[in-house]
Enquirer: 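Quick one: structure below, then a few questions.
All residue numbers in this chain count up from 1 along the given sequence. The figures here come from the full heavy-atom set of this structure, side chains too, leaving out hydrogens, waters and symmetry mates.
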Amino acid sequence: MLKDLFGGKSKYVTVERKNRSEEKKNEHKGDSDKKEMPDDLWTKCKSCKQIIFNKKLAQSLKICPECGSYFRLTATERLFLLTDDDKFEEYDAELQVENPLDFPDYKEKIDKYQEQTGLKEAVITGIGEINGWQTSLAVIDSRFLMGSMNSVVGEKITRAIERALQKGLPLVIVSGGGGGARMYEGMLSLMQMAKTSAALKKLDQAGGLFISVLTDPTYGGISASFASLGDINLAEPQAKIGFAGPRVIKQTINRDLPDGFQTSEFLLEHGMIDKVVERADLKNVITRIIDIHSLRGEKKNGTK
């Protein structure tokens with residue numbers, strides 16, 4: 001279940017210690033079985049280099065308790081934080097990726113990431129409740145080929161937009177794809193930028209609400225399409241957001257870039273996003289926005 005993602009008991013395993021020599025073995029005959037800590041008990045913060053106990057990291061919502069740096073969330077962890085308990089139903093999980101260009105090793109890459117992440121593709125879509133509000137949701141997972149957009153990801157996001165339009169629901173898309181359009185499917189991946197943007201245009205014309213949440217990293221074709229088209233664009237602190245990476249831009253213009261370039265704080269200062277929201281506050285901020293934009297002032301379950 002989703003509520004089990006941020007907790008759980010620490011696990012220890014008994015392993016057999018290998019002796020360096022037969023003489024050593026005879027000397028310490030009773031030392032063959034020892035308890036050792038598994039590797040997944042600790043995580044090192046890339047910013048402050050502090051070693052953090054994973055249970056403590058989970059309790060802090062994957063924010064470093066020492067320096068406040070944000071760790072990336074998986075799509076399932078994000079859904080756990082945003083939706084009410086047991087109030088999310090996944091849609092379109094059966095959609096499968098193809099290899100339309102017969103790109104070498106593409107199918108093998110997909111199989112590898114499916115095994116590593118437990119996902120079929122880089123996005124999870126469905127309908128969930130956020131503090132009682134039924135909402136059409138799409139959440140991108142950067143672990144799956146950097147959350148890049150291919151024909152399946154584009155189709156699932158488009159269907160999430162269309163569900164919001166058909167059912168009269170607010171739409172929330174959490175972006176976190178640094179891979180942009182997935183090169184393995186060529187033009188078919190690039191077409192998803194126009195496809196998702198056209199669907200959002202229809203939602204906008206119908207008066208629907210779209211809240212875009214930008215997380216680290218949001219780049220390429222994702223930032224250049226649906227991720228930047230929200231009625232309200234929110235972002236997590238310290239998130240890296242842009243089109244091309246800063247190294248490419250610096251080499252192109254041959255100039256030093258300003259401090260904090262392509263961070264959510266920099267984009268807020270320059271009017272590209274509406275608000276930077278702490279992770280712990282994101283669910284309530286989204287709820288307030290939906291409350292404000294509700295014409296009837298009623299939630300879908302009939303409560304005020």
Side-chain angles (χ1 to χ4, degrees), residues 75 78-79 89-103 106-107 109-110 113-114 119-128 135-215 217-235 241-244 272-273:
R78 181 72 63 181
L79 286 166
E89 181 182 359
E90 185 175 1
Y91 281 65
D92 304 316
E94 74 284 354
L95 294 182
Q96 294 285 345
V97 65
E98 298 290 340
N99 189 6
L101 304 182
D102 291 325
F103 202 97
Y106 182 37
K107 185 62 169 64
K109 285 181 182 292
I110 293 295
Y113 282 102
Q114 286 178 341
L119 304 175
K120 291 184 178 179
E121 253 304 336
V123 66
I124 297 177
T125 59
I127 292 178
T135 307
S136 181
L137 286 156
V139 182
I140 294 175
D141 197 315
S142 63
R143 297 175 304 157
F144 200 107
L145 278 169
M146 280 306 296
S148 54
M149 182 164 60
N150 68 338
S151 53
V152 172
V153 172
E155 177 65 19
K156 292 180 73 172
I157 290 174
T158 300
R159 292 188 185 188
I161 298 168
E162 291 172 343
R163 270 192 297 275
L165 179 60
Q166 293 165 1
K167 297 178 180 291
L169 302 177
L171 171 70
V172 175
I173 300 179
V174 182
S175 302
R182 194 176 299 173
M183 66 174 185
Y184 305 105
E185 296 183 29
M187 184 60 69
L188 293 176
S189 292
L190 291 172
M191 288 169 59
Q192 307 310 311
M193 298 171 61
K195 178 179 176 180
T196 53
S197 298
L200 285 172
K201 179 64 175 178
K202 291 182 179 180
L203 181 66
D204 180 66
Q205 290 173 336
L209 172 64
F210 169 35
I211 302 171
S212 180
V213 181
L214 309 178
T215 68
T218 301
Y219 276 94
I222 289 178
S223 69
S225 56
F226 61 85
S228 300
L229 295 177
D231 297 301
I232 305 291
N233 293 324
L234 307 176
I241 304 165
F243 183 68
M272 297 296 292
I273 59 176

Enquirer: Side chains of Val97 and Tyr106: does their closest heavy-atom pair fall under 4.5 Å?
Expert: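 The answer is yes; the side chains approach within 4.5 Å.
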Enquirer: List, one per line, each side-chain donor-acceptor pair under 3.5 Å for residues 143-157, sequence neighbours excluded.
Expert:
unit_1 : atom_1 : unit_2 : atom_2 : d
Arg143 : NE     : Asp141 : OD1    : 3.0
Arg143 : NE     : Asp141 : OD2    : 3.3
Arg143 : NH2    : Asp141 : OD2    : 2.9
Ser148 : OG     : Leu145 : O      : 2.9
Ser148 : OG     : Arg182 : NE     : 2.8
Asn150 : OD1    : Val152 : N      : 3.3
Asn150 : OD1    : Val153 : N      : 2.9
Asn150 : ND2    : Glu121 : OE2    : 3.1
Asn150 : ND2    : Glu185 : OE2    : 2.9
Ser151 : OG     : Glu185 : OE1    : 2.7
Glu155 : OE1    : Lys195 : NZ     : 2.4
Glu155 : OE2    : Arg159 : NE     : 2.7
Glu155 : OE2    : Arg159 : NH2    : 3.4
Lys156 : NZ     : Val123 : O      : 3.0

Enquirer: Calculate, to the nearest 0.5 Å, the distance between atoms CG and OG belonging to Leu171 and Ser136 respectively.
Expert: 5.0 Å
Enquirer: Can you tell me how far the CD1 atom of Ile241 sits from the CE atom of Met272, to the nearest 0.5 Å?
Expert: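 It is 9.5 Å, given to the nearest 0.5 Å.
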Enquirer: Any side-chain heavy atom of Leu229 within less than 4.5 Å of one from Ser197?
Expert: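 The answer is yes, as the side chains (C-beta and beyond) meet within the 4.5 Å cut-off.
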Enquirer: Report the distance from atom CG of Asn233 to atom CG of Leu214, rounding to the nearest 0.5 Å.
Expert: 6.0 Å
Enquirer: Show the nearest heavy-atom pair for residues Thr158 and Ala199, with the distance to one decimal.
Expert: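 Heavy-atom minimum between the residues: CG2-CB, 4.0 Å.
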Enquirer: Output the distance between atom CG (Leu119) and atom CD1 (Ile110), rounded to the nearest 0.5 Å.
Expert: 11.0 Å
Enquirer: When rounded to the nearest 0.5 angstrom, what distance separates CD1 in Ile232 from CD1 in Ile273?
Expert: 12.0 Å
Enquirer: Measure the spacing between CZ of Phe243 and OG of Ser228 and express it to the nearest 0.5 Å.
Expert: 10.5 Å
Enquirer: Please tell me if the side chains of Leu169 and Arg163 come closer than 4.5 Å, counting only heavy atoms from C-beta onward.
Expert: no
Enquirer: Do Thr215 and Arg78 have side-chain heavy atoms sitting under 4.5 Å apart?
Expert: yes
Enquirer: Decide yes or no for Asp204 and Asp231: does some side-chain heavy atom of the first lie under 4.5 Å from some side-chain heavy atom of the second?
Expert: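 Answer yes - side chains close enough.
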Enquirer: Within the 4.5 Å heavy-atom criterion, are Leu188 and Glu98 side-chain neighbours or not?
Expert: no
Enquirer: Do the non-hydrogen side-chain atoms of Asn99 and Tyr184 ever get within less than 4.5 Å of each other?
Expert: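 Of all side-chain heavy-atom pairs linking Tyr184 with Asn99, none is under 4.5 Å.
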Enquirer: Evaluate the side-chain proximity of Ser223 to Ser175: yes if any heavy-atom separation is below 4.5 Å, no if none is.
Expert: no
Enquirer: Taking all non-hydrogen atoms of both residues into account, name the closest pair between Thr135 and Pro170 and its distance.
Expert: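 Taking Thr135 first and Pro170 second, the nearest heavy atoms are CG2-O, 3.3 Å.
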Enquirer: Which heavy atom in Ala227 sits nearest to a heavy atom in Thr218, and how many Å separate them?
Expert: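 Of all heavy-atom pairs spanning Ala227 and Thr218, the closest is CB-CG2, 4.0 Å.
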Enquirer: On a heavy-atom basis, which atom in Gly230 and which in Phe210 lie closest, and how many Å separate them?
Expert: CA-CD2, 3.4 Å
Enquirer: Show the nearest heavy-atom pair for residues Gly186 and Leu101, with the distance to one decimal.
Expert: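 In terms of heavy atoms, the two residues are closest at N-CD1, 3.7 Å.
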Enquirer: Are any side-chain N or O atoms of Gln114 and backbone N or O atoms of Lys120, one a donor and one an acceptor, separated by less than 3.5 Å?
Expert: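 Yes; judged by distance alone, with no hydrogens or angles, the pair exists.
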